[in-house]
2 protein chains.
Amino acid sequence: MIWVAFFMLSVFKIDSYLYFMNSILIAHIRKSIDLNDSEAEMVLSYFDQQTIRKKTLLLEEGHICNKQYFILKGCLRSYIINAKGNEQTLQFGIESWWVTDYMSFQNQNASHFFIQAIENSEVLSISKTALEELLSQLPKLERYFKLTLQKSFGAAQMRIKYLFTMTAEERYHHFNDSFPDFVQRVPQYMLASYLDFSPEFMSKIRAGKI
Amino acid sequence: MIWVAFFMLSVFKIDSYLYFMNSILIAHIRKSIDLNDSEAEMVLSYFDQQTIRKKTLLLEEGHICNKQYFILKGCLRSYIINAKGNEQTLQFGIESWWVTDYMSFQNQNASHFFIQAIENSEVLSISKTALEELLSQLPKLERYFKLTLQKSFGAAQMRIKYLFTMTAEERYHHFNDSFPDFVQRVPQYMLASYLDFSPEFMSKIRAGKI
DNA sequence: TGATTTTCTTGAAGTAGATTAAGTTTTTTG
DNA sequence: CAAAAAACTTAATCTACTTCAAGAAAATCA
């Protein structure tokens, strides 16, 4: 009876905006594996929801990456600062993407990357210890993370292929055609660095002067 | 008693070269998760061992990738052919590395890549259906594959970082310093394409004429 | 072993895209 | 709303590489 009352309480909470946002993660997991409602509740209990203002750094180069972030709303990027002091974007993440430095997270050593919010964002974060506990409680989640990583690795492979085979102009048009909405969301200079050319060159491509 | 006899048989088999080679995979898995001897036997029963001659293609662009390969001995690479008809190496794999096109394997659609042996090699291969069956028999292997992918993705991220931040000459010296033995094993023109510059330029770097 | 194929080298000429620097437009902030 | 900061544009100059072409060396094959 006590349990039922507790459950009712949590059903009320379900109606809140907060729960709606969290359910994005559950929906995402359910695309890969089955999860009943009590398992879903358990999963969420291991995460913290954070509201992050644009430009906030979630990870700095040289620090240990101790969170994995799942984006509920907004946009994050990972980037490095090169020898000339310019930022170069390695990865963008939007709604339903995971962003982290897996190597630093896994091995608990210094990260090579920065992770930053480039829009006001809502994320779910989980620490290494919390994730390990969750995975030992619910081992079938390993499969979900495996599938997520498979997708990420596949994307990284294609990225390298594009960097190798396309000219700067081709990469720009290809990205534009593939993600027309996303292009509106990020500053051009960040996209230029992601596509590995200078912001000035991007201006020229856009102006059709190439 | 029948079971004991069967077990003895398999112990004898253990002594063979074939079993020794296979045990490389088991040893690799055991770095990530626990596996008792009967589980290990079961894992191996899902794999085929193949001897592959240098230059043999294991996957061609446009075909569906229906195997994952674990390298027991030798060296594989994945590559593409660019618009000018030149091969560009995306990845090398040596002993204890997995090589496959995860996207094509997972989604059963046309691959963008070639996979080729660049030395006479011994590999263990597993088909998608066999892998799925194995994973449902032994779900804890999901964790092993997750950790493998985490490593691969981390390596791909670092690769992109190096492509972004280093000059051709720096990339060459960095690779040389990191993998001095491996450099001896592959033709220079393949390494040049992997590092994203021309074979002619590599000659000049090596001759110190840069 | 000699013949063939594959890989590596060298130098001259060309180019995709970087750099620099200054000005303009847009966005954010108090 | 004005002021400051962030983002974008333009044009001139420069350079890290590519491309081309031809020959030399090394590896493989019959």
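Below, all heavy atoms of this structure are taken into account, side chains as well, without hydrogens, waters or symmetry copies.
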Of residues 78-89 of chain A, the positions that come close to DNA chain D - non-hydrogen atoms, cut-off under 4.0 Å: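 Correct list: empty, so none.
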
Test item: A/Lys67 and A/Thr100 side chains (from C-beta on) under 4.5 Å apart, heavy atoms: no

Under the side chain to side chain donor-acceptor pair (under 3.5 Å) test, residues paired with B/Lys151 that sit two or more places apart: none

According to a strict under-4.0 Å criterion, is [X] in side-chain N/O contact with OP1 or OP2 of [N]?
{"X": "B/Arg206", "N": "C/dT9", "value": "yes"}
{"X": "B/Ser198", "N": "D/dT18", "value": "yes"}
{"X": "B/Gln188", "N": "C/dT6", "value": "no"}
{"X": "A/Lys54", "N": "C/dT28", "value": "yes"}

Residue mapping more 5' on DNA chain D - nearest nucleotide basis, B/Ala168 or A/Pro199: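 Closer to the 5' end of DNA chain D: A/Pro199.
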
Any donor-acceptor pair under 3.5 Å from A/Ser121 side chain to A/Cys75 backbone: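 Yes; at least one donor-acceptor contact below 3.5 Å.
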
Bend angle of the helix from C/dT1-D/dA30 to C/dG30-D/dC1, from helix axes over five pairs at each end, nearest 10°: 60°

Modelled atom types, side-chain donor and acceptor of B/Glu122 and B/Gln50, under 3.5 Å: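 Side chains of B/Glu122 and B/Gln50: no pair found under 3.5 Å.
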
A/Tyr79 six-ring face occupied by A/Arg77 cation (under 6.0 Å, within 45°):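 Geometry flag: set, cation within 6.0 Å and 45°.
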
